[in-house]
Amino acid sequence: EGLAGVHLITGQPNRAAAWAVKVIAANGLPPQPGKGACTVDWKITPLRRALKDWSAAHQIRGPILKLTGTRFSESQERGKKMALRGESAQRVVEKDGDYILSPIADLSTDQVGEVMAAMRGGELPGAYTDFDDLLEVYASAGGASCPLVGEYRMGGTTLGSCESRTGCAICTKVAKDKSLENMLEAYPALKPLYRLREFVAAIMHDHSRRVWIGRTIDEHGYITIQPDAFAPGVCRDLLRYCLTIDADEAERARDAGEARLFDRLIDLETLVLIDFYWTIYGLHARPYEAWRIWLEVAEGARFYPPEINPVPAQPMPPPRFLYVGDGWFEEGRHWSGGLRDLLAEALEADTPAAYPLRMLRDGRTILEYPTGPEVAVNTESGSFWDWFQFLLPDAMAEAEGEDSLLMLHSRAVRLYLECEVVSYRDHGVLDTMLRRMQYRQRNGIGRDARMEDVMPRTISETQWADRTGQSRRLQRAWDF
């Protein structure tokens with residue numbers, strides 16, 4: 001408003017990139033100092049996609065000039081990366097078919113503060129903001145020693161340097177989040193987030209809290225044995241802690257007659273995806289475990305992370321390899337599993353409920369469900385609420401009474417897809433994931449496998465390389 005010809009374009013990260021879906025759903029580990037793709041997942045990719053869609057909608061072709069707010073003095077790491085990209089405040093740089101200009105690249109933090117002060121004081125005509133909301137965040141995060149805090153709280157307009165860090169409350173890319181600690185004085189309702197963040201930081205280097213048996217079976221029939229994502233029990237506890245935080249904050253805000261201080265850590269779409277991935281990976285004995293936990297908390301149960309001493313960072317043990325063969329593939333051509341249900345197909349044949357079959361290039365046949373460009377949850381449709389109110393309770397009750405557990409997870413995934421609660425980009429990949437999970441379970445190397453039984457059957461990376469003729473390489477078990 002007030003800026004003629006300016007269009008605000010916003011991008012939305014894919015829900016699968018959310019912290020809870022990555023960490024609690026066992027798709028990856030929390031970010032560590034110097035590691036993590038948060039910037040790519042949460043900023044770069046969504047903004048590129050939004051700009052591409054906007055350009056197409058307005059029939060804009062050719063390079064686009066992008067202005068960034070990066071500065072050389074933000075940190076040594078930021079300065080190095082900017083130098084490698086050739087960023088400049090005076091010269092346009094070409095990158096990936098577009099143009100980049102960094103107008104404040106050479107400004108210091110003090111100089112940025114001076115500009116903000118001038119805008120607050122009305123010294124810059126046409127300023128679009130007074131920065132009050134931003135300065136309130138800086139003031140609460142900077143601590144009493146920060147010059148910005150004193151000036152802002154005294155009503156002044158002069159700003160000095162400040163060491164406050166803003167971002168995700170449960171971010172573990174910093175060893176100690178002093179800014180969040182400082183904010184607790186002004187916002188005590190943030191303490192549950194702080195305790196959760198401290199717990200995750202304390203356990204993320206603890207290899208005993210990890211899954212060691214990989215999910216991927218490589219082309220030679222081997223599974224990697226090495227600490228990977230959090231173990232099923234840890235994932236279950238993290239979901240309980242997050243849902244408890246959400247419930248407690250809702251009660252606090254209601255009692256105080258005010259809005260929530262922070263959004264839910266686990267909203268409906270996130271909960272669906274956590275349960276969907278838990279089911280694909282066979283992380284728990286029965287599907288719908290995330291919904292059971294949600295019901296526990298909804299009915300009044302509360303769970304809080306313990307205060308524990310952090311486990312220091314330690315070297316990753318060298319990978320070992322367990323041979324399991326490729327029986328999952330041969331069985332997959334004929335066996336009712338993955339995205340196949342021979343009984344359901346027979347009963348639904350020639351009816352409106354029947355889904356078409358598709359043969360993959362490798363000879364497998366799968367049921368063809370509606371797909372999407374990426375993993376997505378559709379909570380707005382009537383079919384979702386039918387599933388939630390009627391089908392989900394029945395499916396949970398059926399899973400509780402079922403003695404044969406092997407097909408339950410496939411059945412639950414198919415129900416998510418049939419009701420179009422979840423759309424998945426590639427059903428061939430999904431079928432592979434389910435069949436491999438079922439194969440591991442049948443062969444005693446699933447979620448209940450004990451490492452003392454597994455390790456004697458493994459070989460070293462050198463032996464693996466000799467037997468397969470491959471160069472040495474490390475695998476990540478969450479590739480599938």
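Excluded from the calculations below are hydrogen atoms, water molecules and symmetry mates; all remaining heavy atoms, backbone and side chain alike, are included. FYI, the numbering just counts along the sequence from 1.
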Inset, instruction - Check whether any side-chain N or O of D98 sits under 3.5 Å from a backbone N or O of I64 as a donor-acceptor pair, and report yes or no. - result: yes
Legend entry - Face-on cation placement of R195 at Y304 ring, 6.0 Å and 45° thresholds: no
Inset, instruction - Using the six-membered ring wherever Trp is involved, compare the ring planes of W212 and H207 and label them parallel, tilted or perpendicular (cut-offs 30° and 60°). - result: perpendicular
Legend entry - Over 12 foreign heavy atoms within 6.0 Å of CD, E400: yes
Inset, instruction - Given salt bridge (Lys or Arg N to Asp or Glu O under 4.0 Å), test R264 with D267 step by step and report yes or no. - result: CA-CA 6 Å; R264 289 183 178 274; D267 61 11; over 6 Å; no
Legend entry - Under 3.5 Å: donor-acceptor pair, side chain of R209, backbone of F230: no
Inset, instruction - Anything under 30° is parallel, anything over 60° is perpendicular, the rest tilted; go ahead and classify F199 against Y241. - result: perpendicular
Legend entry - Short side-chain to backbone donor-acceptor contact, Y369 and L339, under 3.5 Å: no
Legend entry - Spacing of C168 atom SG and K173 atom NZ [to the nearest 0.5 Å]: 10.5 Å
Inset, instruction - Report yes or no: does W42 contribute a side-chain atom to a donor-acceptor pair with the main-chain N or O of A17 at less than 3.5 Å? - result: yes
Inset, instruction - Take E269 and V272 through the side chain to side chain contact (heavy atoms under 4.5 Å, CB included) test and state the conclusion after the steps. - result: CA-CA 5 Å; E269 291 185 27; V272 168; 5.7 Å; no
Inset, instruction - Carefully, step by step, assess N27 and Y281 under the rule side chain to side chain contact (heavy atoms under 4.5 Å, CB included). - result: CA-CA 10 Å; N27 285 311; Y281 301 147; 2.4 Å; yes
Legend entry - Sub-4.5 Å side-chain heavy-atom contact between W294 and D275: no
Inset, instruction - Measure the spacing between CG of D431 and CZ of R358 and express it to the nearest 0.5 Å. - result: 9.5 Å
Legend entry - Heavy-atom check, side chain of P232 versus side chain of V211, under 4.5 Å: yes
Legend entry - Distance, nearest 0.5 Å, that separates CZ of F276 from CG of L415: 11.0 Å
Inset, instruction - Heavy atoms only: give me the nearest G338-R414 pair and the separation to one decimal. - result: O-NH1, 3.2 Å
Inset, instruction - Without swapping roles, check the side chain of S410 against the backbone of M407 for a donor-acceptor pair under 3.5 Å. - result: no
Inset, instruction - Starting from the C-alpha separation in whole Å, work towards a yes-or-no answer on ring-ring contact (aromatic ring centres under 6.0 Å, His included) for W291 and F388. - result: CA-CA 10 Å; W291 292 103; F388 181 76; 5.7 Å; yes
Legend entry - Under 3.5 Å donor-acceptor, R436 side chain and I217 backbone: yes
Inset, instruction - Measure the shortest side-chain to side-chain distance between V93 and R85 over non-hydrogen atoms and say whether it is less than 4.5 angstrom. - result: no
Legend entry - Parallel, tilted or perpendicular: rings of Y416 and W387 (30°, 60°): tilted
Inset, instruction - List the steps and the verdict of side chain to side chain contact (heavy atoms under 4.5 Å, CB included) for L357 and L367. - result: CA-CA 5 Å; L357 296 175; L367 287 167; 3.3 Å; yes
Inset, instruction - Check whether any side-chain N or O of D41 sits under 3.5 Å from a backbone N or O of P13 as a donor-acceptor pair, and report yes or no. - result: no
Inset, instruction - Establish, yes or no, whether the cationic atom of R260 lies under 6.0 Å from the six-membered ring centre of F262 and within 45° of the ring axis. - result: yes
Legend entry - Positive for side chain to side chain contact (heavy atoms under 4.5 Å, CB included) with F321, one of T458, I223, T224: T224
Legend entry - Nearest-0.5 Å distance, CH2 of residue W19 to SG of residue C38: 11.5 Å
Legend entry - Sidechain-backbone polar pair: R210 side chain, M204 backbone, donor-acceptor under 3.5 Å: yes
Legend entry - Within residues 45-61 or reaching into it, pairs that qualify as salt bridge (Lys or Arg N to Asp or Glu O under 4.0 Å) - sequence neighbours excluded: R48-D96
Legend entry - Greater than 12 external heavy atoms within 6.0 Å of D394's CG: yes
Inset, instruction - Considering non-hydrogen atoms only, spot the tightest contact between W385 and T379 and give its length. - result: NE1-O, 3.2 Å
Legend entry - CD (E307) with more than 12 external heavy atoms under 6.0 Å: no
Inset, instruction - Verify side chain to side chain contact (heavy atoms under 4.5 Å, CB included) between H220 and R467, making sure each step is shown before the conclusion. - result: CA-CA 9 Å; H220 304 287; R467 295 185 185 185; over 6 Å; no
Legend entry - Closest approach of L29 to A229 (non-hydrogen atoms, all atoms of both residues): CD2-CA, 3.9 Å
Inset, instruction - Using modelled atom types only, decide if a donor and an acceptor are shared between the side chain of T129 and the backbone of F131 within a distance under 3.5 Å. - result: yes
Inset, instruction - Taking T279 for its side chain and H409 for its backbone only, find out whether a donor-acceptor pair lies under 3.5 Å. - result: no
Inset, instruction - Locate the shortest heavy-atom distance separating M359 from T365; write the atom from each residue and the value. - result: CE-OG1, 3.8 Å
Legend entry - Minimum side-chain heavy-atom gap L273-V375 below 4.5 Å: yes
Inset, instruction - Measure the CG-CG distance between L239 and L265 for me, rounded to the nearest 0.5 Å. - result: 10.5 Å
Legend entry - Qualifying residues under side-chain contact (heavy atoms from CB on, under 4.5 Å), relative to R240, sequence neighbours excluded: R236, D237, I293, E296, F303
Inset, instruction - Count the heavy atoms belonging to other residues, nucleotides or ligands that lie under 6.0 Å from OH of Y323, then report whether that count exceeds 12. - result: yes
